[in-house]
Amino acid sequence: MTPHWNIFADAAEVAGAAAEIIGEMARHAIERRGLFSLVLAGGATPMAAYRLLREQERDWSRWEFFFGDERCLPPFHPERNSFMAHEVLLDYLPLEAHQVHEIPAELGPEEGAARYEPLVRNSRPFDLVLLGLGEDGHTASLFPGREPPTDRLVVPVHDAPKPPPERVSLNYGALASCRGLLFLVTGEAKRQALADWRRGREIPASRIPVPFQPEVLVDEAAWGE
Ligand code: 6PG
């Protein structure tokens with residue numbers, strides 16, 4: 001479905017708006033269902049939002065964190081998405097270990113994906129899935145020109161065009177199994193991918209089959225006007 005584009009002056013404004021949206025969605029979800037499940041994204045733009053989010057007064061005991069993708073690197077490697085999430089957000093919050101579900105990508109793409117699959121199956125629908133946009137249109141670790149098996153919720157990724165080559169990613173259907181989908185897109189380098197998306201060309205970010213309009217927060221540098 002065509003996204004709802006939200007344009008902001010710069011990356012800081014995108015991060016601020018994202019943190020507000022995440023916090024408010026959590027409040028609603030907790031009011032209605034007692035829990036809030038959030039799928040985290042990697043990248044610099046989400047990182048800025050996480051720094052703001054951790055300052056909010058929230059009922060963190062009701063939050064549950066998942067990851068949209070992970071790089072196949074040793075645990076605690078600084079380039080893992082989980083490392084970043086801990087460093088800027090999770091380690092600041094009063095969480096119990098069972099509230100954070102890291103992808104065991106250190107086991108390699110196949111094993112990591114297979115182990116995360118039942119957790120995703122049993123945790124759907126997520127309240128909110130956060131995603132970034134790569135310069136080539138990728139999102140999570142779903143890259144252009146790849147056709148992951150449609151019968152898997154979590155897929156192994158080999159030969160990713162962006163290092164490291166081995167990754168584990170939630171598949172299109174798993175990312176679509178949510179009540180809210182929020183993309184954070186900043187910086188001039190995203191302009192071409194975003195232009196393709198706006199023109200209706202298929203890129204991985206546009207292929208997530210949600211039955212509602214995803215929200216995309218974009219800064220002017222990425223929007224390009
Ligand atoms: C990765 C990154 C990547 C990132 C996008 C957007 O695993 O390679 O996480 O997918 O999400 O490139 O990144 P920025 O938010 O830094 O622009």
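Counting starts at 1 for both ligands and their atoms, following the listed order. Values reported hereafter were calculated over all heavy atoms of this structure, with side chains retained and with hydrogens, waters and symmetry mates removed.
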- request: Indicate, as side chain, backbone, both or neither, the part of K190 found under 4.0 angstrom from ligand 1 when only non-hydrogen atoms are considered.
  value: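 Contact part for K190 vs ligand 1: side chain (C-beta onward).
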query: Any idea which part of L133 is under 4.0 Å from ligand 1, heavy-atom wise: side chain, backbone, both or neither?
result: backbone
- prompt: Given P161, A189, A11, A44, which one has a non-hydrogen atom that is nearest to atom 14 (P) of ligand 1?
  reply: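 Checking each option, the heavy atom nearest atom 14 (P) of ligand 1 is found in A44.
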field: Check: T45 N/O within less than 3.5 Å of ligand 1 N/O
entry: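 Between T45 and ligand 1, an N or O pair is found under 3.5 Å apart.
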- prompt: Between E135 and ligand 1, is there a nitrogen or oxygen pair with a distance under 3.5 Å?
  reply: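 Looking only at distances, the answer is no, because the N/O contact criterion of under 3.5 Å is not met.
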message: Please find the pair of heavy atoms, one from N81 and one from R71, that lie closest to each other, and give the distance.
response: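 Scanning both residues, the minimum pair turns out to be OD1-NE, 4.4 Å.
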- line: Between A49 and A19, the two heavy atoms sitting closest are O-CB, 3.8 Å
Validation row, ring centre F126 to ring centre F66 under 6.0 Å: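 Aromatic pair counts; centres sit under 6.0 Å.
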- prompt: Under a heavy-atom criterion of less than 4.0 Å, does R167 contact ligand 1?
  reply: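 It does, in that a heavy atom of R167 comes within the 4.0 Å cut-off of ligand 1.
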- request: Check whether any heavy atom of S141 sits under 4.0 Å from an atom of ligand 1.
  value: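 Judged by the 4.0 Å heavy-atom criterion, S141 does not count as contacting ligand 1.
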- prompt: Does the side chain of V210 come within less than 4.5 Å of C178's, by heavy atoms?
  reply: yes
Looking only at protein heavy atoms, which one is nearest to [atom], and what is the separation?
{"atom": "atom 10 (O) of ligand 1", "answer": "H138 NE2, 2.7 Å"}
{"atom": "atom 11 (O) of ligand 1", "answer": "G42 O, 3.4 Å"}
{"atom": "atom 12 (O) of ligand 1", "answer": "K162 NZ, 3.1 Å"}
{"atom": "atom 1 (C) of ligand 1", "answer": "R71 NH2, 2.9 Å"}

task: Start with the C-alpha gap between S141 and D69, add the side-chain angles, then the distance that decides, and say whether side-chain hydrogen bond (donor to acceptor under 3.5 Å, both in side chains) holds.
output: CA-CA 6 Å; S141 286; D69 69 323; 2.6 Å; yes
Would you say the side chains of [X] and [Y] form a donor-acceptor pair under 3.5 Å?
{"X": "S169", "Y": "R167", "value": "no"}
{"X": "E64", "Y": "H98", "value": "no"}
{"X": "Q213", "Y": "T2", "value": "no"}

Going by the atom numbers of ligand 1, which of them fall below 4.0 Å from some non-hydrogen atom of [X]?
{"X": "A140", "result": "10 (O)"}
{"X": "P46", "result": "15 (O)"}
{"X": "G43", "result": "9 (O), 13 (O), 14 (P), 15 (O), 16 (O)"}

message: Quick check on the hydrophobic clustering: are V157 and L107 connected, directly or via other members, by side-chain heavy-atom contacts under 4.5 Å?
response: no
